[in-house]
Amino acid sequence: MVEGRPVQGQEIRIRIDRTLLQDTAGAPAMLEFEALGIDRVRAEQCAQYVDDNLLQTDSKNVDDHRYPQSACAKFGIYFNPPGNGISHQAHMGRFGVPGKTLLETGKRQGGFDGTTGANQEHGASRTGGG
């Protein structure tokens, strides 16, 4: 917590330690970074996962992956290509640290899907934003 007190009904300000972007929800975030003129992400660790948008026999999905991959390189974001597992489990295994805050995009209302709880197993505080 950066500002405020943990009192019901009172606003607080927290620092986000880590972010997790998934599938196509990550691309709009990176477009916004570009529009805002952001050079690099400021969180201590950020990751973009492609887990539900798998490679197909034509080039359509591959083309969809080129922008997030190049934007990740530009902004200092870890890029996890398709075929490496479900994002939440992969993220917990690679980057899970107890006590960190995690902001993630998602495909469902509120930014969470059925596997998001995996990061709570590490004791991380997670918040959806997507």
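Since the model is a prediction, treat every value here as computed from it, not as a measurement.
For the atom pair C46 SG and F79 CZ, the distance stands at 15.0 Å (nearest 0.5 Å). Rounded to the nearest 0.5 Å, atoms CD (Q48) and CG (N80) are 9.0 Å apart. The CZ atom of R94 sits 10.5 Å away from atom CD of Q45, with the distance rounded to the nearest 0.5 Å. Annotation: the span from I77 atom CD1 to F33 atom CZ amounts to 5.0 Å, rounded to 0.5 Å. Of the inter-residue distances, the one linking C72 atom SG with L21 atom CG reads 7.0 Å to the nearest 0.5 angstrom. L102 contributes atom CG, which lies 5.0 Å from atom NE2 of H91 (distance to the nearest 0.5 angstrom).
K74 places none of its side-chain heavy atoms less than 4.5 Å from the side chain of M30.
Ionic pairing of K100 and E44 is present here: one or more N-O contacts between side-chain nitrogen and carboxylate oxygen are shorter than 4.0 angstrom.
A donor-acceptor pair under 3.5 Å is formed between the side chain of T101 and the backbone N or O of D17. Checking side-chain atoms of R18 against main-chain N and O of F95 turns up a donor-acceptor pair under 3.5 Å.
Contact between T19 and A43 at its shortest, heavy atoms only, is CG2-CB, 4.4 Å.
Cluster membership check: M1 does not share its hydrophobic cluster with V7, using side-chain heavy-atom separations under 4.5 Å among Ile, Leu, Val, Met, Phe, Trp and Tyr. Grouping the Ile, Leu, Val, Met, Phe, Trp and Tyr side chains by contacts below 4.5 angstrom, directly or via other members, places L36 with Y67.
Counted within 6.0 Å of CZ on R42, heavy atoms from surrounding residues, nucleotides or ligands total 12 or fewer; the atom is thus considered open.
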